Amino acid sequence: MADLLPETAPTDASLRRALRRARDGAVIDVAEAAVLLAARGEHLDELLAVASRVRDAGLVAEGRPGVVTYSRKVFVPLTRLCQDRCHYCTFATVPHRLPAAFLERDEVLEIARAGAAAGCKEALFTLGDRPEARWPAAREWLDARGYDSTLDYVRACAIAVLEETGLLPHLNPGVLSWEDLTRLKPVAPSMGMMLETTATRLWSEPGGPHYGSPDKEPAVRLRTLTDAGRVGVPFTTGILIGIGENRTERAESVFAIRAAARAAGHIQEVIVQNFRAKPDTAMRNDPDADLDDLAATIAVTRIVLGPKMRVQAPPNLVGSEFALMLRAGIDDWGGVSPVTADHVNPERPWPAIDELATRSAAAGFTLRERLTVYPGYVRAGSPWIDTRLHAHVAALADADGLADESAVVEGRPWQEPDGGFASTGRTDLHAAIDTEGRTDDRRGDFASVYGDWDSLREQLDATRRSAPERLDSDVRAGLALASTDPAALLDPAHDAAAMALILAEGPALEELTRLADDLRRDVVGDEVTYVVNRNINFSNVCYVGCRFCAFAQRERDADAFRLSLDEVAARAVEAARDGATEVCVQGGIDPQLPVTFYADLVRAVKAAVPDMHVHAFSPMEIVSAAAKAGVSIEEWLTELRDAGLGSIPGTAAEILDDEVRWVLTKGKLPAAQWLEVVGTAHRLGIPSSSTMMYGHVDEPRHWLGHLRTLARQQDRSGGFTEFVPLPFVHHNAPIYLAGLARPGPTERDNRAVHAVARLALHGRIDHVQCSWVKLGDDLSADILRGGADDMGGTLMEETISRMAGSENGSARTVTELAAIAHAAGRPVRQRTTTYVGSPSRLEPAAGAGPRLLPLA
Ligand code: SF4
């Protein structure tokens, strides 16, 4: 074990000062927290009293004064193999000491059934981290049963437990990525991973307790913590004390948890766990963390995290010091099982639940059973708990969100019936948005669905860089390159020249757009193209929390709507009658959406208009649907392609740089995942557009980076048909209303972005589109003179930009599009979605609908 770093004991004066500030409710910092951790004797008594008051205030605010909780659970040690080697752990072992690499599904169910019979409501899945990465036996076991990974098996077992027993899974599978969390969220109302410590040296230095354990790198674990917030997973975490960290490092760990909790509000409880030495481990001779130290740490954790946080100490690790832990500010005893052992600490049995109740009562508290997911999340529902779990949770929850101790624990179907969903809400929004407008400028859960705005502001400030100085020599070099070898603008060696162009003004901007216009003429000729299409947004219900998005609504908001499959098909028929060759279909990540909806929608449109090109589903929709279905992106796209999907919109790209994405969106897919989806689509023969939304919290350097990323992807997969720069529409965008974003790009920005895109993507992407719905007609005409060659579609209806406050209407006739092109001095030509072949008029298979638009 790494030695405890020498750390000077705080002076009495500093301890008194920190205590006074804590008592007065001042916001304490890391240094003061570290000082308070050293409190002992009278100082400790005083610290505990402060922490108790903070906890009590939180319980009063929750409406349950004097109530501490526990979860009645079974412990499911799915596998004790692990790719890590933590020096204090006896849970992880080697294959030859186990009867099998994993528990069989039937063994899991046997444990869960025994739990259900004993009134348990939680199945705690605790397992080693990705054992297949280290142990061939684990890989072979999974292969033999057809599972790609341990996480796939966890998912399958969680579903089995829900369906066969009704217990609620709480998953502890270790480090999880955004995609892992998205795949597991539909099968578990809560998940967890102990942060343990943020002290990197305990991981990186030989002899440290986490040395040789790849998943124990603090940065990796912090990423899981923040990703869980992005995906909206009620999450349990905590610190492990006494493993060699010093007081400052311990305090820093608590503050790191606070930062994650503040950002997304998803940390449902924090466990403060004390190291207890175990025989047969490298740390067997290290001293246990003493219980006063534990009490001081709990108290500091409580004070730092505040009254709303639930703070827990495992009752089987605190000896007989139950009262001390309660004085220190805990309000939860964690999971306790009347059926199974604590397989992580098998030598320390859990107390009987009656004893826990008695001990709590002796300290003045009533013990209540809770579910694995805490009451606030139970009450909030959909943003946190997947629709597929609502019935399971509701069956076990009391009106206050705690457990209904008399509930019958029994299995319930996990998957909802196949099919579409009913049409609900403001289904006329596509038309009414142009006449009546939206009901309110913000959705009902504005204050909570986007995370904490103040944390976000700090995050944004930390990443801001000043724009580089623009030198005339760079502008000259950029223009020279643009006229001789434009694609080389993306070469990092020419970064200064490319940046100078993207920031060009005045005569340099005019020259830039002239060069882009010349290149456009050389590559695609003078005709301005458009597609006759109809946008169909099938639902605007979404809890992802993209902070730029004014389209998404809560289910019960006045502007929320859902279209049935029949309505979507009817709109496709109308579109065909009005000359459309494409429907562009996208929607929110609606929690009520059955996984079959996407392919059913494609089939419904194709059945109604067999030759209609279905340009549908953003990479975000594809990833989340595949995750819910529990299949790979490739399998999912193959099914959609086979159903008749023609291409996918390259939306949801925003800016392909996570630094910007995690400010701009809370739960959107990471950049790497977006690339994986489009790359997979291209490989399967499904082309896509590519987009960039700009002019919000981004900087010009991000635009250049985005173009580089698209160019690399095009070199790899070659399926981008066009590039569509999408200026940010700010008026009703949450991030603008919260005061963090700019009011969209300037006219200069728009002209420069389109021109640089034309030049820099030369040889890779031939078509650059100007979006009339965002730019308006006059600026579109201007941009057609500066590198763009396409005007997108007639749209026929448009709600996304119009909800955001775009004032350019939601439809254009062909005549109106031609007028824009003519204003730019150019002829027009109708194209297909993919720019291949010539469009022809489509015949609906059945039905007749009213005309929507005059086409000429
Ligand atoms: S952009 Fe899409 S995923 Fe994000 S909140 Fe809006 S509808 Fe939902």
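Predicted model only: the values in this text are computed from it and were never measured. Counting starts at 1 for both ligands and their atoms, following the listed order.
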So the atoms of ligand 1 within less than 4.0 Å of a heavy atom of Phe548 turn out to be 1 (S)
Chi angles and distances behind the salt bridge (Lys or Arg N to Asp or Glu O under 4.0 Å) call for Arg155, Asp152: CA-CA 5 Å; Arg155 192 177 194 277; Asp152 274 358; over 6 Å; no
Mind running side chain to side chain donor-acceptor pair (under 3.5 Å) on Asp698 and Trp703 for me, showing each step along the way? CA-CA 8 Å; Asp698 49 354; Trp703 307 342; 2.8 Å; yes
Review point. Would you say Asn533 and Leu795 make side-chain contact, with heavy atoms under 4.5 Å?
Key: yes
_For the residue pair Arg571 and Phe538, would you count it as a cation-pi contact if the rule is NZ or CZ under 6.0 angstrom from the ring centre and within 45 degrees of the ring axis?_
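Geometry flag: not set, cation outside 6.0 Å or 45°.
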### Task
Check salt bridge (charged side-chain N to carboxylate O under 4.0 Å, His left out) between Arg457 and all other residues, then give those that pass, not counting sequence neighbours.
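Expected list: Asp454.
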What lies under 2.8 Å from atom 4 (Fe) of ligand 1, restricted to protein N/O/S atoms, is Cys546 SG
Glu699/Arg465 under salt bridge (Lys or Arg N to Asp or Glu O under 4.0 Å): CA gap, chis, key distance, verdict
CA-CA 8 Å; Glu699 297 167 23; Arg465 286 192 223 152; 5.9 Å; no
